[in-house]
Every structure is written in C-alpha cells, then in structure tokens.
A.B. asks: 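Below is a structure I'd like to ask you about.
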Amino acid sequence: MEKDGSQDIAAEIFAQEDPIFRNKSLVEVEHVPSPERIVGRDDEIRALSTELRSAVNGDSPENVILYGETGTGKSLVAKHVAKAAKSNAGDVRIGTVYVDCSTDDTETQAISSIARTLNDEAVTDIRVPETGLAKAAYYTRLYAILDQQYDVVITILDEADMHPDDQILMSLSRAVETGKTDCRIGLIAISNKVRWAEDLNDRVKSSLQPRELNFHSYDANQLRAILSHRRDAFREGVLSDDVIPLCAAYAAQDHGDARQAIDVLRNAGMLAQRDGSDVVTRDHVEDAKMEAEKDRFRDLIGGLTVQKKLVLSAVTALHKGTDDDEFSMAQIIETYTKLCEATGTSTRSDRRVRDFVRRLAFLDILELRKQNLGRAGGITIYARLQPDHDLDIVHQTAMDDEQFVVTDSEAENASLDSF
DNA sequence: CCTCCACCGGAAAAGATGGATC
DNA sequence: GATCCATCTTTTCCGGTGGAGG
C-alpha cells in the first residue's frame, strides 16, 4: 500500500462537502432541542412547572412521577423545566441533577453520581469518590454538599424503575424531615412502566406523596412536526417529500417513540450517504428501518456473556440437529454441557443455567412454556427460539465469540447425543 | 379423588471483583 | 498492605407445584 496514495484518498474524502447532512448533530440522539422546538408537550410542561413552582421561592417543590412510553419526551420535559426553574430562581440557590438509573442502577451509584454532579469541590472542599465508600458515607457527603451550596435541589431520576428497591426515593424524600439537611429536595422520578407508580410500596408513597403525570404517546402528526423541526440537519432539497411522513408513520405504528423516528431518519441519511446518493428516498427509509431492527438484535446477542451465548447456542444447535421445535430444560443443559466441553469452557450449575434460560426469555430471544408432567417429570420448562428470529443469524451470532468458537460439527454432535 | 414425583425457582450464603481508606 | 464496602456472579439448600398414575 502506498502511503502517499492512501493519504490523498483520505484527505480527499475529508475535504469533501457532506452531500447529505448540513448539521448532523440535530438528528443525534443526545441532541436536546431548544425550548421552542419541543412539540406537543405544552400541557405536560405546564403541569410539571406548576408542581415545581415553589422551588423558585425557596420552598419545597412537589415530588412528581412521570410515566409514559419510551420516547414520549419525559426526560426532555423534565430537563427543560428543571433548567427553567433554575434560571428563574433569583436569589434562591437551585441545583439540578439528572441521574440515569439504568446506568447508575444501585442506590449507592445513584447517590454517588448525584453528589459528584452537585459538588463544587472548590466551594465545599469535599471529595466524592466514584466507588469504594459505604452507602451511608455517600449520603453524609451529599447532605454536607447540599447544605453548603444549595437552598433547593431538583433531582431527576430517569428510568427510576430500574432500581430494585426504592430506598433512594425514601431517603431523599425524608432527608429534610429527619434533619439530615436543610436543603429542600424535589424528586422527579421517570418511568416508562405505568404500573411502577402503582407498585411503589405504601411506605414510599406516604413519604413521597407524589403527583403523577402521564405522558401520552406522540401521534403521527406530532412526530411529523418533531422531525420537521430537525430537517435542518439535512441540506436543502436532500429530503424528498415523503421521507419525513414515512419516518413518522413508522414510529407512530409502533408506540409513538420520537427517538425511534429520529434514529430512522438519521440512518436513512447515512444510508443515502453510503450509496453516494445526494437525495434521501423512500427506499433509504425502509432500509434504515430494517437495519435498525437487525442491528438491535445483533447487538443484543453480541452483548451476552459467554455463558449465555453457550446456552443460546445449545438451543439453536438443538433446533438444527433435531426435528423438534421445543426442548426441555434437561436437553438444553445436556447440550450446553457438551458445548462447554467442546470449547473448553467451564460449566455452571444447573440452577444457574436455568437462570440463563429465563434471562434469554426475558430478552425475548427464547420463548418458554411450562408444563407439569406429573409423576413422570414434575414441572418442566420447554424452550424454543422466538419464531420471528432467523435461526441462522442467531446461531451464527451466538456461536461466535472471542472466547470460543463452536464449529458446526461440534454443535451437531452435541445436539445429536442428547437422546 | 388423592398421592407423589421430580423439576422449578426463591432465598441465603459464599466467592469474586474492584475501589477507597488509613 | 490490611481492611472495609458495594455489587455481581455462582452455588447450595429446600419448600412449592400440579398433573399422571394409582
């Protein structure tokens, strides 16, 4: 390879004007639109602002639970309103924190994250390490920070249902009454499970006394408006007329997920770019939607641990090696054990494998059926691959890992021997 | 109708990991 | 370097389940 030549090629490509995108960041996931571009959520913004109103006077804001499907603007509205509260606060020192509970999915991690976001080390002279402290130590430091820096803090807990227990809600909502801090704390808990708010146990509910706010899904018109606001991401004339309505329609069919609509729009643009086309067409949108679904699934399987992949491989091997279309737990475990031997991987206990199978079912990769065989076998779980997944794709993806490679013949042997 | 088998799945304990602190 | 802490993974233990077979 000639160095000069390849450098020229690279330089040439970098120097080219992007034929499709003018400002791609507008269709990136993280992009937060400016307030006037938030579409169709006026009622929600008004309602949430009302609940938080007392914050700007230095009094306790109400605690609020926001729920609704993914991509209905819950986080967006929460962030927007919190920010607005802060900038309209006058002399009151308002702090705002945003915690993504799917990342910080334990109480300690969340508290640590909150403390580190709010902390200005120059002011408080308090250090907050990421991990390693006892839970109580994080709380102590957090309260010290609150007292020194803030009158009111608005805490947004996104994906709050990801926390196994709701201790964090309890602790934070009761911090003032138990005398831990003088700082007022307003919680905004966001969940996309409607039932979550109902399931909150009574103790939590009575100390939170939350207001509930339901975010309904976007309809096709609103989605179209949302996407239209972002069409500046593309160059003039690049989007043919039916592209935005089509993206909107796809997302509306699902459950009105704005994020999904934007993703499809972006990917359609990127596909057009790859084709060397200078317009985004209907076909690009359709391909983008297909790609998005496949990628999501490939990522899902690719992200599984070695052990889970082996269990999944066992199921796909059974599908390929036999005529049956569902398999008992005993069969799966036996095949799994053989695959482990073939690949030199250590096996896990049966109980553990049962967990893996259930986990795969939870991810909608496997489908389970429970049957009681009476004295002949007691309760037995039967599993099979979700019918709408392509067996070959799953099989190949599952058997390919840096840690091990299962050859087809090994898989076949393992599945055949299990009778 | 009643029993009883063998698997399921909850709970607790044990191990492993990674970081902070003194 | 020893000790503590939180969390994740895995194992061990065991009571519950519910229909086939008596």
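In what follows, every heavy atom counts, from backbone to side chain, and hydrogens, waters and symmetry copies are set aside. Each chain gets a letter, A, B and so on, in the order the sequences are listed, and its residues count up from 1.
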A.B. asks: Between C:dT7, C:dA6, C:dT12, which one does the side chain of A:Ser349 approach most closely?
C.D. replies: C:dT12

A.B. asks: Of all residues at least two apart in sequence or in a different chain, which pass the side-chain hydrogen bond (donor to acceptor under 3.5 Å, both in side chains) check with A:Glu326?
C.D. replies: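 So A:Glu326 forms a side-chain hydrogen bond (donor to acceptor under 3.5 Å, both in side chains) with A:Arg369.
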
A.B. asks: Against the six-membered ring of A:Phe21, is A:Lys24 placed for a cation-pi contact (under 6.0 Å from the centre, within 45° of the normal)?
C.D. replies: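 Cation-pi check for A:Lys24 and A:Phe21: passes.
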
A.B. asks: Please test A:His284 against A:Asp275 for side-chain hydrogen bond (donor to acceptor under 3.5 Å, both in side chains), starting from the C-alpha separation and ending with a verdict.
C.D. replies: CA-CA 9 Å; A:His284 290 129; A:Asp275 286 0; 3.1 Å; yes

A.B. asks: Between A:Asn119 and A:Arg116, do the side chains contain an N or O donor and an N or O acceptor separated by less than 3.5 Å?
C.D. replies: no

A.B. asks: Contact class for A:Leu133 vs. all strands (heavy atom < 4.0 Å): base, sugar-phosphate, or nothing?
C.D. replies: sugar-phosphate

A.B. asks: Under 4.0 Å, counting only non-hydrogen atoms across every strand here, what does A:Arg369 touch: a base, just sugar-phosphate, or nothing?
C.D. replies: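 A:Arg369: no heavy atom of the nucleic acid under 4.0 Å.
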
A.B. asks: How many whole angstroms separate atom CD of A:Gln307 from atom P of C:dT10?
C.D. replies: 7 Å

A.B. asks: Do the side-chain N and O atoms of A:Gln260 and A:Tyr250 include a donor-acceptor pair separated by under 3.5 angstrom?
C.D. replies: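 No, because no side-chain N or O of A:Gln260 sits under 3.5 Å from a partner of the opposite role on A:Tyr250.
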
A.B. asks: Given atom OH of A:Tyr138 and atom P of C:dC5, what is their separation to the nearest angstrom?
C.D. replies: 13 Å

A.B. asks: Distance under 4.0 Å to a non-hydrogen atom of chain A counts as contact; along DNA chain B, which nucleotides mark the start and end?
C.D. replies: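 Answer, 5' to 3': B:dC4 to B:dT21.
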
A.B. asks: Whole-Å distance between C:dC4 P and A:Lys135 NZ?
C.D. replies: 18 Å

A.B. asks: Can you list the steps and then say if A:Leu239 with A:Arg231 is a side chain to side chain contact (heavy atoms under 4.5 Å, CB included)?
C.D. replies: CA-CA 8 Å; A:Leu239 294 182; A:Arg231 80 179 315 147; 4.2 Å; yes

A.B. asks: With a 3.5 Å cut-off and heavy atoms only, can you find an N or O donor on one side and an acceptor on the other between the side chain of A:Asn372 and the base of C:dG19?
C.D. replies: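 For A:Asn372, whose side chain was compared with the base of C:dG19, there is no donor-acceptor pair (under 3.5 Å).
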
A.B. asks: Using a 4.0 Å heavy-atom cut-off across all strands, classify A:Arg354 as base, sugar-phosphate, or nothing.
C.D. replies: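 Touches a base.
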
A.B. asks: Give a yes/no answer on whether the side chain of A:Thr108 brings an N or O atom under 4.0 Å of OP1 or OP2 in C:dC5.
C.D. replies: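 For A:Thr108, the contact criterion (side-chain N or O under 4.0 Å from OP1 or OP2 of C:dC5) is not met.
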
A.B. asks: Of the listed nucleotides (C:dT10, C:dC13, C:dA20), which one gets closest to any side-chain atom of A:Arg351?
C.D. replies: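 Ranking C:dT10, C:dC13, C:dA20 by closest atom to the A:Arg351 side chain puts C:dC13 first.
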
A.B. asks: Rounded off to whole Å, could you give me the NZ-to-P distance for the A:Lys370 and C:dG19 pair?
C.D. replies: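 Distance check: A:Lys370 NZ to C:dG19 P gives 11 Å.
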
A.B. asks: State, to 0.1 Å, how close A:Gln222 and A:Ser217 come at their nearest heavy-atom pair, and which atoms those are.
C.D. replies: OE1-O, 4.1 Å

